[in-house]
Amino acid sequence: MLNSKICELLGIKYPIFQGGMAWVADGKLAAAVSEGGGLGIIGAGNAPAEQVKEQIEIARSITSKPFGVNIMLMSPYADEVAELVARERVAVVTTGAGNPSKYMAMWKSVGIKVIPVVASVAMAKLMTRAGADALVAEGGEAGGHVGELSTMVLVPLVCDATHSPVIAAGGIADGRAAAAAFMLGACGVQVGTRFLSAYECSIHRNYKDRVLRAGDLDTIVTGKRLGHPVRSLKSPFSRAYFKAEYSGVSDEELDRMGTGAFRIAVQEGDIERGCFLAGQSAALVKKEQPAAEIVREIAEEAERILMEAQKWVK
Ligand code: TUI
């Protein structure tokens with residue numbers, strides 16, 4: 001069975017995390033992944049603590065297995081969500097889009113396992129020194145807020161630079177990529193985009209259909225000008241935003257253009273106005289299935305490939 005030290009550290013069956021996608025990863029999806037033996041993660045995104053608490057309660061009503069909460073550090077509610085997860089003593093906290101150092105002591109004092117998402121070697125070293133229990137090294141193939149480096153380069157660099165367990169993310173949607181991540185030195189993988197097609201994922205039908213139909217060149221990175229690059233599916237919104245970035249439009253106007261676009265995609269499925277976050281691996285997502293089946297399929301495929309890896313050596 002696919003297994004690593006991260007399984008023991010967190011008390012999970014498979015070393016497979018579900019990315020804590022803002023607006024998408026609710027208590028129901030996270031619980032389904034955890035029930036399936038992976039680590040489900042609720043995405044706090046820009047939600048206030050009260051709404052995140054509701055999702056934690058939903059997850060706890062479905063599973064008694066460990067799950068996590070992802071805190072998006074650019075959120076205006078990051079402070080109150082950071083306090084909430086400590087009060088609730090969730091098993092695992094992952095963070096994204098910033099530096100969580102100021103919360104680390106509070107989380108660790110209540111026994112939370114802290115796993116920051118990093119997109120650079122400098123951040124990986126800083127987080128290890130700050131007491132992170134593990135790191136998610138996320139390459140630019142990922143959906144949502146992305147860094148510069150590809151997963152293939154970032155993961156071995158982070159493995160060399162720290163002694164922390166490394167979970168690879170970005171571009172991983174099946175057992176082949178998971179096996180490759182282990183070969184790069186990772187001891188786990190985080191999968192986001194593939195779970196958009198899970199039965200338990202409550203996004204709008206139009207969003208799922210867009211992911212299921214996506215081809216290899218169907219994502220785009222926008223937001224570089226404002227310093228928050230974001231990968232999403234090409235759409236009328238993303239094309240208009242991309243054009244505006246390289247025209248004379250002011251920063252304030254760009255900011256206004258982006259406001260609400262993630263929520264509109266997830267809840268309204270508005271093909272014109274929505275920003276449909278997804279990674280490059282959307283092109284590999286072909287069918288809908290239960291979250292637990294996704295976890296098991298990835299684990300079993302990776303196991304098979306790793307078992308057969310000797311065939312490459314004479
Ligand atoms: O965070 C993500 N993915 C996200 S966040 C998000 S919501 C959003 N809202 C408004 C603007 C932008 C995004 C949608 N998807 N992934 C993890 C991740 N973290 N990727 C890159 C980073 C990161 C970036 C900078 C981590 C640390 C960091 O440090 C900056 C610093 O302070 O040095």
Peer 1: I want to check something: taking the side chain as every heavy atom from C-beta on, are I220 and S232 in contact at a cut-off of under 4.5 Å?
Peer 2: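 A side-chain contact exists here, since the closest heavy-atom pair is under 4.5 Å.
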Peer 1: Inspect the contact between K28 and D26 and indicate whether a charged nitrogen and a carboxylate oxygen are less than 4.0 angstrom apart.
Peer 2: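 Judged by the 4.0 Å cut-off on N to carboxylate O distance, D26 and K28 do not form a salt bridge.
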Peer 1: Which distance, rounded to the nearest 0.5 Å, do you find between the CD of E252 and the CG of L226?
Peer 2: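 E252 CD to L226 CG: 9.0 Å, rounded to 0.5 Å.
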Peer 1: Could you state the interatomic distance from CD1 (I41) to CD1 (I71), rounded to the nearest 0.5 Å?
Peer 2: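 The CD1 atom of I41 sits 11.5 Å away from the CD1 atom of I71.
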Peer 1: Mind checking side-chain hydrogen bond (donor to acceptor under 3.5 Å, both in side chains) for K108 and listing every partner two or more places apart, or none if nothing turns up?
Peer 2: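 With neighbours one apart ignored, the set is D133.
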Peer 1: Taking W23 for its side chain and I264 for its backbone only, find out whether a donor-acceptor pair lies under 3.5 Å.
Peer 2: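 Looks like no, no N/O pair under 3.5 Å.
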Peer 1: If hydrophobic clusters are built by linking Ile, Leu, Val, Met, Phe, Trp and Tyr wherever their side-chain heavy atoms come under 4.5 Å apart, do V191 and L196 end up in the same one?
Peer 2: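 V191 clusters together with L196.
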Peer 1: Is any side-chain heavy atom of L233 less than 4.5 Å from a side-chain heavy atom of V211?
Peer 2: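 L233 vs V211: side chains touch.
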Peer 1: Can you name the closest pair of heavy atoms from L10 and P66 and give their distance?
Peer 2: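 Result for this residue pair: O-CG, 3.4 Å.
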Peer 1: Just wondering, are more than 12 heavy atoms of other shown residues or ligands nearer than 6.0 Å to OH in Y77?
Peer 2: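 Incorrect, the count does not exceed 12.
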Peer 1: Applying side chain to side chain contact (heavy atoms under 4.5 Å, CB included), run through R296 and K13 and close with a yes or a no.
Peer 2: CA-CA 10 Å; R296 189 160 29 86; K13 182 174 176 192; over 6 Å; no
Peer 1: Are the side chains of L212 and S197 in touch, meaning some heavy atoms are under 4.5 Å apart?
Peer 2: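 The answer is yes; the side chains approach within 4.5 Å.
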Peer 1: Just wondering, are more than 12 heavy atoms of other shown residues or ligands nearer than 6.0 Å to CE in M152?
Peer 2: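 Open: at most 12 neighbouring heavy atoms sit under 6.0 Å from CE of M152.
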Peer 1: What heavy-atom pair brings I6 and I12 nearest, and what distance separates the two atoms?
Peer 2: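 That would be O-CG1, 4.3 Å.
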Peer 1: Got S101 and M104 here, is their nearest side-chain heavy-atom distance under 4.5 Å?
Peer 2: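 When only atoms from C-beta onward are counted, M104 and S101 do not touch, as no gap falls below 4.5 Å.
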Peer 1: Considering only Ile, Leu, Val, Met, Phe, Trp and Tyr, and joining two whenever side-chain heavy atoms are under 4.5 Å apart, list the other residues clustered with I62.
Peer 2: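 Via sub-4.5 Å side-chain contacts, I62 links to I58.
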Peer 1: Does M183 reach the side chain of L306, with side-chain heavy atoms less than 4.5 Å apart?
Peer 2: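 Contact flag for M183/L306 side chains = yes.
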Peer 1: Is any side-chain heavy atom of F195 closer than 4.5 Å to a side-chain heavy atom of V295?
Peer 2: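 They are in contact (side-chain heavy atoms under 4.5 Å apart), so the answer is yes.
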Peer 1: Under a 3.5 Å threshold, yes or no: a donor from one side chain and an acceptor from the other, between T128 and S164?
Peer 2: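 Side-chain D/A pair, T128 to S164: present.
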Peer 1: What residues, two or more places apart in sequence or in another chain, satisfy side-chain hydrogen bond (donor to acceptor under 3.5 Å, both in side chains) together with S4?
Peer 2: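 S4 satisfies side-chain hydrogen bond (donor to acceptor under 3.5 Å, both in side chains) with no residue once adjacent residues are dropped.
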Peer 1: Restricting to side chain to side chain contact (heavy atoms under 4.5 Å, CB included), what partner residues turn up for A161, sequence neighbours left out?
Peer 2: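 By the side chain to side chain contact (heavy atoms under 4.5 Å, CB included) rule, A161 matches V121, K125.
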Peer 1: Please report the interatomic distance CD1(I172) to CD(E138), rounded to the nearest 0.5 Å.
Peer 2: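 Nearest 0.5 Å value for the CD1-CD distance: 10.0 Å.
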Peer 1: Please lay out, stage by stage, how V52 and E88 fare under the test side chain to side chain contact (heavy atoms under 4.5 Å, CB included).
Peer 2: CA-CA 11 Å; V52 180; E88 292 290 325; over 6 Å; no
Peer 1: With the 4.5 Å side-chain cut-off for hydrophobic clustering, are L149 and L135 part of the same group?
Peer 2: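 Linked within one cluster.
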Peer 1: Counting only heavy atoms not in E148, do more than 12 sit closer than 6.0 Å to its CD atom?
Peer 2: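 Open.
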Peer 1: Between A47 and V81, which heavy-atom pair has the shortest distance, and what is it?
Peer 2: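 Looking at all heavy atoms of both residues, the shortest contact is O-CG2, 3.7 Å.
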Peer 1: State whether K287 and E297 are salt-bridged, where the test is any N-O pair (Lys NZ or Arg NE/NH1/NH2 against Asp/Glu carboxylate O) under 4.0 Å.
Peer 2: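 Looking at E297 together with K287, the answer is yes, because their closest N to O distance falls below 4.0 Å.
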Peer 1: Can you tell me if E200 uses its side chain to pair, donor with acceptor, with the backbone of A32 under 3.5 Å?
Peer 2: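 Pair absent, no side-chain N/O of E200 close to backbone of A32.
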Peer 1: Would you say the side-chain atoms of T259 pair up with the backbone N or O of D255, donor to acceptor, closer than 3.5 Å?
Peer 2: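 Judged by distance alone, yes, a pair lies under 3.5 Å.
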Peer 1: Please report the shortest heavy-atom distance between K208 and C201, naming the atom on each side.
Peer 2: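 In terms of heavy atoms, the two residues are closest at NZ-O, 2.8 Å.
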Peer 1: Say whether F276 and M21 are linked into one hydrophobic cluster, either directly or through other cluster members, by side-chain heavy-atom distances under 4.5 angstrom.
Peer 2: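 Yes.
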Peer 1: Nearest 0.5 Å, please: how far is CG in L39 from CD1 in I16?
Peer 2: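 Answer for the CD1-CG pair, I16 versus L39, is 11.0 Å.
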Peer 1: Hey, are E253 and R225 close enough for a salt bridge, meaning a charged N less than 4.0 Å from a carboxylate O?
Peer 2: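 Answer for the salt bridge query: no.
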Peer 1: Working note: F262 + N46, criterion side chain to side chain contact (heavy atoms under 4.5 Å, CB included); need CA distance, chi angles, decisive distance, verdict.
Peer 2: CA-CA 10 Å; F262 303 160; N46 274 315; 5.7 Å; no
Peer 1: Can you confirm whether K224 is buried at NZ, in the sense that more than 12 heavy atoms of other residues, nucleotides or ligands lie under 6.0 Å from that atom?
Peer 2: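 Not buried by this count: 12 neighbours or fewer within 6.0 Å.
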Peer 1: Determine the minimum heavy-atom distance between G40 and Q18, stating which atoms define it.
Peer 2: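 It is CA-OE1, 3.2 Å.
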Peer 1: Above 12 or not: heavy atoms from other molecules or residues under 6.0 Å from CE of M307?
Peer 2: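 Not more than 12 within 6.0 Å, no.
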Peer 1: If only atom types and distance count, is the side chain of E80 paired as donor or acceptor with the main-chain N or O of A49 below 3.5 Å?
Peer 2: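 The answer is yes, because a donor-acceptor pair under 3.5 Å joins these two groups.
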Peer 1: Would a hydrophobic clustering, with Ile, Leu, Val, Met, Phe, Trp and Tyr connected at side-chain separations under 4.5 Å, put L29 with M72?
Peer 2: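 L29 does not cluster with M72.
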Peer 1: Does CD belonging to E8 count more than 12 external heavy atoms closer than 6.0 Å?
Peer 2: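 Atom CD in E8 is not packed in, count stays at 12 or less.
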Peer 1: Indicate yes or no for a side-chain donor-acceptor contact from D174 to the backbone of A177 under 3.5 Å, with no hydrogens or angles considered.
Peer 2: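 Looks like yes, one N/O pair under 3.5 Å.
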Peer 1: Group every Ile, Leu, Val, Met, Phe, Trp and Tyr by side-chain heavy-atom contacts under 4.5 Å, then state whether Y14 and I167 land in the same group.
Peer 2: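 Not linked; separate clusters.
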Peer 1: Does the Y207 side chain pair with the main chain of S202, one donor and one acceptor, at a distance under 3.5 Å?
Peer 2: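 No.
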Peer 1: Would you confirm whether K234, through its side chain, and L217, through its main-chain N or O, come within 3.5 Å as a donor-acceptor pair?
Peer 2: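 Yes: the side chain of K234 pairs with the backbone of L217.
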Peer 1: Considering only heavy atoms from C-beta outward, does the side chain of F17 approach that of I115 to under 4.5 Å?
Peer 2: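 The answer is yes, as the side chains (C-beta and beyond) meet within the 4.5 Å cut-off.
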Peer 1: Distance check, rounded to the nearest 0.5 Å: R89 atom CZ versus I56 atom CD1?
Peer 2: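 That separation rounds to 13.0 Å.
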Peer 1: Less than 4.0 Å between a side-chain N and a carboxylate O, is that true for R210 and D218?
Peer 2: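 Result for this pair is no, no salt bridge flagged.
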Peer 1: Hey, could you give me the CD/CZ distance between E272 and F237, rounded to the nearest 0.5 Å?
Peer 2: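 Between atom CD of E272 and atom CZ of F237 there are 12.5 Å.
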Peer 1: Give me the atom names and distance for the closest heavy-atom approach of K102 to D79.
Peer 2: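 So the minimum-distance heavy-atom pair works out to NZ-OD1, 3.3 Å.
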Peer 1: K53: what forms a salt bridge (Lys or Arg N to Asp or Glu O under 4.0 Å) with it, not counting sequence neighbours?
Peer 2: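 So K53 forms a salt bridge (Lys or Arg N to Asp or Glu O under 4.0 Å) with E57.
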Peer 1: Using the rule side chain to side chain donor-acceptor pair (under 3.5 Å), only one of T193, T151, T219 pairs with E141; which is it?
Peer 2: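 For E141, the side chain to side chain donor-acceptor pair (under 3.5 Å) test succeeds with only one of T193, T151, T219, which is T151.
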Peer 1: Does any non-hydrogen side-chain atom of I271 lie less than 4.5 Å from one of S235?
Peer 2: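 In short, these two side chains do not touch, never coming nearer than 4.5 Å.
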Peer 1: List the steps, then state whether side chain to side chain contact (heavy atoms under 4.5 Å, CB included) holds for I112 with Y103.
Peer 2: CA-CA 11 Å; I112 292 175; Y103 306 123; over 6 Å; no
Peer 1: Quick check against the 3.5 Å criterion: does S281 have a side-chain atom that pairs as donor or acceptor with the backbone of L284?
Peer 2: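 A pair under 3.5 Å: no.
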Peer 1: Give me each pair satisfying salt bridge (charged side-chain N to carboxylate O under 4.0 Å, His left out) with a member in residues 260-270, each pair once, sequence neighbours excluded.
Peer 2: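 For residues 260-270, and leaving out neighbouring residues, the salt bridge (charged side-chain N to carboxylate O under 4.0 Å, His left out) pairs sorted by first residue read R263-E268, E268-R273, D270-R273.
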